[in-house]
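Report on the following structure.
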Amino acid sequence: MAQKILDVRNLRISFRTNSGTVKAVRDISFSVNKGETLAIVGESGSGKSVTAKAILGILAKNSIIEGGEIIYDGMDLLKLSEEEFNQFRGNRLSMIYQDPLSSLDPIMRIGKQMTEATLINGKTAHKHGKKNFDGKVKQLSGAMKAAGIPGGEVDRIIGVLTKLVPIGSKLRVDYRNARDYAESAVFSCEQVAVAAKKQDSALLEEEVKYLKERVDGSKNPYLLPDTATVEQLKNGLPETVSQLEQLLQEAVSREEPDYYAIAHAQLNGGVPAFDPDDVKGWNQKLRASANEDYSGELVKAVSQAMRHSAEGYLPKKQAVLALLERYLPLFRAETLDTAACKKAVDEMSKAVAASIDPLPTIKDSAAHTFGSTMAYSLKRYTKGIPGNARELKRVEKETAKYEKDIQRKADVPKVIPAVLVDLELTQNTMLLAMEELQNDYQEQIRAFPQHDFDQDAHNMVAWLEEQGDAMVTKVTKQQAYDKAIRIMEDVGIAEPRKRFEQYPFEFSGGMRQRIVIAIAMAANLDVLICDEPTTALDVTIQAQILELINDLKRKRNLTVIFITHDLGVVANIADKVAVMYAGKLVEYGTVEDVFYEPAHPYTWALLSSMPDLDTSERLESIPGTPPNMIYPPKGDAFAARNKYALAIDFEEQPPQFDLSETHWAATWLLHPKAPKVEVPHIVTERIARMKKLEEEARQNDRT
């Protein structure tokens, strides 16, 4: 099952201006899974970038979060303080902007900007890794004893765990650092070969020196066990470069050793001789021994502890359900009794906090964000009642003064429109939080007998190992420099050592964008947001940047949110597509759904206006302009520009009509009683061409 990493729920964002309140994002919801790319597509001003900035917590000061949640790692990002956000922004969540120069310090060398991020992130990861590991081990120890496992046995298991993880993590970190150097050394072999071909002795000497440094960094007994041969080839450079390159390529493509099985063997009598020709068989022998003696025992104990802990929290979840059942009618009233609601929120929030099982590493978002959502929304609702009255009174008073003054003189300041709290929306936010938690807890209680706690235990052990990696990782300035050079090579920057010392103004637009991507990649990213990263680049460079982002996503299992106005850009990069217009999502589906079965007239219009080299057909422009979002249209915002609009489009916003489990569109044309409207000919022609090209590509791949 795919792991949901980011969940945007009912997000509404406005901006105060002198002319009125601009409704920028109007009740949008979407989620993104780990390793997935979501493309958000729409014209300028549709709300794409505002949504992205809300995720990063960098909205302008005149913004108003009218409602909604952005859930990441069991937290609502909209309710974090700036200090709390700094733990994630630039480290686990990062963004690439349309203008790369605006992201770079013009008076700081590129190398300094890259290594600074690596050093800061390394210190942060080390600090949090140790804290997380120690805290979870303490929780596990108590939970195992509470589950009935004898104290002596628990102390033994936990004792071995706390010894084994640092050793195994150190082995893994050292191996992967060496492999990174080896991969860079392969690149250096190519550069040595190029220098030799040019017969440039100075360049050749420099490249050989650098290759030798990388080979030295690659030395690891499980990566390059034959040190004598490695030294011989290194000392024979440049004549031995092709042999060295082959040796390194074989090493980096070899199966990784099982670090924790090695650690277990080290703690129990020694590691058998490494067999680089049969790493798989060697790993199996080590795992068999570790499983009999420790790994199986650990997973069994963790599973037992997690089952017992979860079972102990079931009555507390039942108590929460009883409270939700009691208080839901109070929050469904036409006008809320804020004093009674305050007491209810306090009581429910305490009960929910007490019902959260602290053991699982994957946090229950509905429960973790319940208290903050309810408290924030009720406070907003309570202040909104007198606040709305004061705003309306102010506007009425200033309007009367304006009308009086305008008769006497022409230059009179306009009346700033009222900024009102949407009480109904705020009330619905609280109801949704209660109903979502109710459904979530009911499902957890129902599914408890069939829940796979063994899988939870494996996830727990893997999580502890990840914390161990962070705990033993210490980034030096030399390592930061080496990593920066390797990343610059990864993103296609030629002569990285020379570029390292240069300033941003010495780079072209495409190179600057590569540098911004490289800086983002220096962090331990979960989510990368790309806001129109190719708009300012020529077509050739666009393709290179898109392919680069795709490669990095595959290598690092990144989650990517790609924002663009050009539907054609996302065809080969996205897994899912969200089409956005006037602050609302109008169509959502997989990339195949949206490209091959588009259902909303706005999506048709975007496809019709997309440049296509395979046809001489004239492009269709979208008539008219986007609406003034200070006064959003009553019905479908696209109706005034839509030649297929129905009368109801001007009166009522269309709901979401499901076309499949993965695809929906918000258009009245999908209503059963709507007249039949054919997809425009230019769109069907393009779909047919796209399908043909895709089939040809598949056939070429087979051959």
Side-chain angles (χ1 to χ4, degrees), residues 6-32 38-71 76-80 85 93 95 97-99 102 376-377 380 384 388 391 416-426 428-429 529-532 535 561-565 577-588 600 602 606 622 624-641 653-654 656 666:
L6 191 73
D7 195 10
V8 176
R9 306 173 184 169
N10 307 108
L11 184 63
R12 292 195 183 195
I13 301 172
S14 299
F15 291 91
R16 294 184 182 92
T17 71
N18 290 336
S19 302
T21 303
V22 177
K23 303 291 184 180
V25 177
R26 303 188 295 152
D27 196 18
I28 69 168
S29 299
F30 62 85
S31 61
V32 196
L38 170 70
I40 304 179
V41 185
E43 292 173 282
S44 296
S46 61
K48 310 182 302 297
S49 295
V50 173
T51 302
K53 289 175 181 177
I55 295 171
L56 264 291
I58 53 172
L59 287 169
K61 290 184 178 180
N62 65 329
S63 62
I64 310 166
I65 307 292
E66 294 189 340
E69 298 170 305
I70 301 175
I71 307 300
D76 183 356
L77 298 180
L78 295 176
K79 298 179 180 68
L80 294 183
F85 225 126
L93 308 171
M95 190 166 177
Y97 298 91
Q98 180 175 336
D99 177 14
S102 65
Y376 174 85
S377 300
R380 181 174 173 79
N388 286 356
E391 272 289 272
I416 299 174
V419 178
L420 305 178
V421 174
D422 189 330
L423 299 179
E424 183 181 356
L425 170 65
T426 309
N428 285 338
T429 298
I529 301 173
C530 305
D531 188 2
E532 303 271 15
T535 300
I561 298 176
F562 196 94
I563 293 169
T564 181
H565 64 276
V577 178
V579 182
M580 198 167 184
Y581 184 77
K584 293 188 76 69
L585 295 184
V586 297
E587 187 161 1
Y588 184 91
H600 197 284
Y602 182 58
L606 290 175
I622 305 174
T625 58
N628 181 349
M629 295 311 294
I630 295 175
Y631 308 101
K634 183 179 179 182
D636 184 349
F638 190 59
R641 306 173 71 188
Q653 285 188 10
Q656 295 177 10

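- With a 4.5 Å cut-off on side-chain heavy atoms, Leu59 and Phe15 count as touching.
- At least one donor-acceptor pair closer than 3.5 Å links the side chain of Asn62 to the backbone N or O of Arg16.
- Taking NZ of Lys23 as the reference point, atom NZ of Lys584 lies at 12.0 Å (rounded to 0.5 Å).
- A pairwise comparison of heavy atoms in Asp636 and Ala666 identifies OD2-O, 4.4 Å as the closest pair.
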Starting from the C-alpha separation in whole Å, work towards a yes-or-no answer on side chain to side chain contact (heavy atoms under 4.5 Å, CB included) for Leu606 and Glu587. CA-CA 12 Å; Leu606 290 175; Glu587 187 161 1; over 6 Å; no
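- In this structure, Tyr97 OH and Ser49 OG are separated by 10.0 Å, a value rounded to the nearest 0.5 Å.
- Atom NZ of Lys53 has 12 or fewer neighbouring heavy atoms from other residues, nucleotides or ligands inside a 6.0 Å radius.
- Here CD of Glu532 is found 4.5 Å from OG1 of Thr564. Values are rounded to the nearest 0.5 Å.
- Within the model, atoms CD1 of Ile70 and CD1 of Ile65 stand 7.0 Å from one another, a figure rounded to the nearest 0.5 Å.
- Heavy-atom minimum distance, Ala578 versus Leu585: CB-CD2, 3.9 Å.
- The line from CD1 of Ile13 to CG of Asp27 is 11.5 Å long, rounded to the nearest 0.5 Å.
- The backbone N or O of Glu66 sits nowhere less than 3.5 Å from a side-chain atom of Arg12 that would complete a donor-acceptor pair.
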For Thr21 and Leu420, what are the C-alpha separation, side-chain angles and deciding distance, and is it a side chain to side chain contact (heavy atoms under 4.5 Å, CB included)? CA-CA 9 Å; Thr21 303; Leu420 305 178; over 6 Å; no
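- A heavy-atom distance below 4.5 Å is found between the side chains of Phe30 and Thr51.
- Annotation: the span from Ile55 atom CD1 to Met95 atom CE amounts to 8.5 Å, rounded to 0.5 Å.
- Scanning all heavy atoms of the two residues, the minimum distance from Ile563 to Ala52 falls at CD1-CB, 3.2 Å.
- A donor-acceptor contact shorter than 3.5 Å links the side chain of Ser29 to the backbone of Asn10.
- When all heavy atoms of Tyr588 and Ser31 are compared, the closest pair comes out as OH-O, 3.3 Å.
- In this structure the side chain of Tyr581 reaches within 4.5 angstrom of the side chain of Pro627, judged on heavy atoms.
- Pairing each heavy atom of Asp76 with each of Glu69, the nearest pair is OD2-CG, 3.4 Å.
- When all heavy atoms are compared, the tightest approach of Gly635 to Gln653 is O-CG, 3.2 Å.
- Using modelled atom types, one side-chain atom of Arg26 and one backbone atom of Ala582 make a donor-acceptor pair closer than 3.5 Å.
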Worked verdict on Tyr376 versus Thr429 for side chain to side chain contact (heavy atoms under 4.5 Å, CB included): CA-CA 10 Å; Tyr376 174 85; Thr429 298; over 6 Å; no
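- Between the side chain of Lys48 and the backbone N or O of Gly42, at least one donor-acceptor pair lies under 3.5 Å.
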For Leu6 and Leu38, run side chain to side chain contact (heavy atoms under 4.5 Å, CB included): C-alpha distance rounded to whole Å, both residues' side-chain angles, the deciding distance at 0.1 Å, then the answer. CA-CA 11 Å; Leu6 191 73; Leu38 170 70; over 6 Å; no
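- Taking the side chain as every heavy atom from C-beta outward, Met629 and Ser14 never approach each other to under 4.5 Å.
- The one candidate from Asp531, Val8, Ile40 that meets the side-chain contact (heavy atoms from CB on, under 4.5 Å) condition with Ile561 is Ile40.
- Classification of the Phe638-Tyr602 ring pair by plane angle, with boundaries at 30° and 60°, yields perpendicular.
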